[in-house]
Every structure is written in structure tokens, then in C-alpha cells.
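Note sheet for the following structure.
One is the number of the first residue; the rest follow in order along the sequence.
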Amino acid sequence: MIIHKPFQLAASYTIGSYILPGQRINTITEKLDTQVKVAITSSYHIVEGVKSGKFDLGLIESPIFDNQLIYKEWLEDELVICSKVELPPFITPELFRNYNLICRKKDSPTREMIHNFFKKCGISYSSFKSLSEIHNETAAIQSIKWAKPNSINPTVTIISKYAIEDEVQRKELFQSHICNNDTLRHKFYIVYSQEKIKSDLVKSVINELGLMQNFF
């Protein structure tokens, strides 16, 4: 039997923390019959790592493109409003301003995308009744879970639908949308180098990731 060295897969935070863990990554490992090591880091560091050969394959959530690499659209994500209390399916900007918003740190790609969306809706971060910053999705989710329930001025955050899908199914958390608008949709990408695509193992992982799309 041929023993392969561990497959080095890099994933950005949402993908590595909420999409791959459990049965999904186990299925890839079992079918490839090799160890898969998953590094969770920023999309920027993943692109640099794929270029240098540190990672065999990358999964990114921010569109950081490099002409030296190959990109393949993988999943479509949507950023939704997350709260501990049930909210209307669609929230008007006027109502949204009364909420207590937990947002991402400044200069993060997610915050920039939300900022651009806010501008289209006539909202700014200074519009909110209360505003606090958090550094990652896990901390944002925990902050919502520990927030005091308030249906008039709820504490909310804007987060990937994949990060809260289990809690939403169990009705521990609730999701909503700003207006009836799909602007907060974005793509996840598979990224790899011309050199790595020559590997049958890399081709197999890309194939398994493609099959995984059927479960979303």
C-alpha cells in the first residue's frame, strides 16, 4: 500500500470552524485513505500558503484573487441577522437601527462587505443604538447566546448562515434579513496551484468537495 504524506488543507475561519468539522472532513479522509491536516487561518494567508506550496489546497471566503493560482467556485454563503429572539423575516433599515449590533473588527473583509451593503440601505455603523466589536464568529455567536432577550431592542450580529445552522434548527437562535435583498450573498472558493493540480490526490479532494455541495 502506498503511504501518502498528510494532505495539507487550509480553510478560512467560517469554513474550517463550521462547515468542514465532523462527518464532512471524515468522509474526505476515509475516501482518500490518507491523513488530512486542516489549518484554519485567514483567506490572505491561505492564498500565500498555496502559492508557496505550504498548502496543497485552500478554501477561502474572501475574494482574494492571484493570477498565479486557479480558483473554483464552491459554495454560496449568505450573511444573515442572528438573534436570540425571533424577528420578522425581513427587517427594515429603520427598525434595524434600533438594534444593538455586535459587529466585526475594523478592516476585516466581512465588515467591509457589510459596510458596502449598509451604504446601499442608507445605514452606517454609527446609526445603531449600541455597537460593539468582536474578532471572530464564535465569539459573536456566544455573545448573542448570552445576551438578555429583548424583542424591542434585541442584540444581533450579522453572520454566515452556516455558522448557526444547527442552533437555528434547534430554535436556540433565529435568523432574519435586512429588507428583501440578497446583496449579502457571497461565494466560497477552492484555490490551488497549477503544479498541485497535477496530483491525483488534489484532484480527488476537489472532487469530494464538489460532491459535498449536494448536502447544502
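Within the 4.5 Å cutoff, no side-chain heavy atoms of Leu95 are placed close to those of Leu87. Side-chain contact between Cys103 and Ile114 is absent, with no heavy-atom pair separated by less than 4.5 Å. Side-chain contact between Phe96 and Ile123 is present, with at least one heavy-atom pair separated by less than 4.5 Å. Put simply, the side chain of Ile15 does not reach to within 4.5 Å of the side chain of Leu75, judged on heavy atoms. Side-chain contact between Val156 and Ile102 is absent, with no heavy-atom pair separated by less than 4.5 Å. Under the 4.5 Å side-chain criterion, counting only non-hydrogen atoms from C-beta, Phe7 is not in contact with Ile28. Residues Ile197 and Ile206 form a side-chain contact, since some pair of their non-hydrogen atoms from C-beta on lies under 4.5 Å apart.
A tilted orientation is assigned to the rings of Phe90 and His177, their planes being inclined by 30° to 60°. Aromatic ring orientation, Phe118 versus Phe128: tilted (interplanar angle from 30° to 60°).
When every heavy atom of Val85 is checked against every heavy atom of Pro154, the shortest pair comes out as CG2-CB, 3.8 Å. Residues Ser12 and Ser43 share a closest heavy-atom pair of CB-OG, 3.7 Å. Contact between Pro21 and Ser17 at its shortest, heavy atoms only, is CG-O, 3.4 Å. Listed here is the closest heavy atom pair of Tyr99 and Ile152: CE2-O, 4.2 Å. Closest of all the heavy-atom pairs between Glu73 and Tyr189 is CG-CE2, 3.6 Å. Shown here for Thr34 and Thr29, the closest heavy-atom pair between the two residues is O-CG2, 3.2 Å.
Counting non-hydrogen atoms of other residues, nucleotides and ligands closer than 6.0 Å to OH of Tyr44 gives a total of 12 or fewer.
In terms of modelled atom types and a separation under 3.5 Å, the side chain of Ser176 and the main chain of Pro88 share a donor-acceptor contact. Checking side-chain atoms of Trp74 against main-chain N and O of Leu209 turns up a donor-acceptor pair under 3.5 Å. Panel note: side chain Asn98, backbone Asn153; no donor-acceptor pair is recorded below 3.5 Å.
In this structure, the separation between CD1 on Ile81 and CZ on Phe174 is 14.5 Å, given to the nearest 0.5 Å. Atom CD of Glu172 and atom CD1 of Ile164 lie 11.5 Å apart (nearest 0.5 Å). Taken from OG in Ser62 to CD1 in Ile46, the straight-line distance is 9.0 Å, to the nearest 0.5 Å. Taken to the nearest 0.5 Å, the CD1 atom of Ile144 stands 9.5 Å off from the CD1 atom of Ile134. A distance of 12.0 Å separates CG of Asp200 from CG of Asn207, quoted to the nearest 0.5 Å. Annotation: the span from Tyr192 atom OH to Lys203 atom NZ amounts to 10.0 Å, rounded to 0.5 Å.
Taking the side-chain hydrogen bond (donor to acceptor under 3.5 Å, both in side chains) definition, one finds that Asn26 meets it with nothing, sequence neighbours left out. Legend: residues meeting side-chain hydrogen bond (donor to acceptor under 3.5 Å, both in side chains) with Lys51, ordered by chain and number and at least two apart, are Asp66. In this view, His45 satisfies the ring pair (Phe, Tyr, Trp, His ring centres under 6.0 Å) rule with no residue, not counting sequence neighbours. Taking Ser124 as the reference, Ser126, Ser127 meet the side chain to side chain contact (heavy atoms under 4.5 Å, CB included) condition, with sequence neighbours excluded. Looking at residues two or more places apart in sequence or on another chain, you find a ring pair (Phe, Tyr, Trp, His ring centres under 6.0 Å) between Tyr71 and Phe65. Scored by the ring pair (Phe, Tyr, Trp, His ring centres under 6.0 Å) test, Phe55 finds no partners at all (sequence neighbours excluded). For Lys106, the side chain to side chain contact (heavy atoms under 4.5 Å, CB included) partners two or more places apart in sequence, or in a different chain, are Arg111, Glu133. Every residue meeting the side chain to side chain contact (heavy atoms under 4.5 Å, CB included) condition with Lys161, not counting sequence neighbours, appears here in chain and number order: Asp77, Glu78, Val80, Gln175. In terms of the side chain to side chain contact (heavy atoms under 4.5 Å, CB included) criterion, residue partners of Glu137 (sequence neighbours excluded) are, by chain and number, Thr14, Tyr18, Arg104, Ile159, Ser160, Ala163. Remark: Glu94 engages no residue in a salt bridge (Lys or Arg N to Asp or Glu O under 4.0 Å) (not counting sequence neighbours).
Looking at Lys196, Lys37, Gln8 one by one, the single match for side chain to side chain donor-acceptor pair (under 3.5 Å) with Asp56 turns out to be Lys196.
Cluster membership check: Leu57 does not share its hydrophobic cluster with Leu69, using side-chain heavy-atom separations under 4.5 Å among Ile, Leu, Val, Met, Phe, Trp and Tyr. Placement of Val168 and Leu184 in two distinct hydrophobic clusters is found when ILVMFWY residues are connected by side-chain heavy-atom separations under 4.5 Å, directly or transitively. Follow the hydrophobic side-chain contacts under 4.5 Å out from Ile64 and you never reach Tyr13; the two are in separate clusters. Hydrophobic clustering places Val205 together with Leu59 (ILVMFWY residues linked when any side-chain heavy atoms are closer than 4.5 Å, directly or through intermediates). Taken together through direct or relayed side-chain contacts under 4.5 Å among Ile, Leu, Val, Met, Phe, Trp and Tyr, Ile70 and Ile60 form parts of separate hydrophobic clusters.
Applying the side chain to side chain donor-acceptor pair (under 3.5 Å) definition to pairs two or more places apart or across chains, those involving residues 141-151 are Lys145-Glu167. Evaluation of the side chain to side chain donor-acceptor pair (under 3.5 Å) test over residues 80-93, restricted to residues two or more places apart or in two chains, returns none.
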Working note: Phe117 + Ile158, criterion side-chain contact (heavy atoms from CB on, under 4.5 Å); need CA distance, chi angles, decisive distance, verdict. CA-CA 12 Å; Phe117 177 74; Ile158 298 176; over 6 Å; no

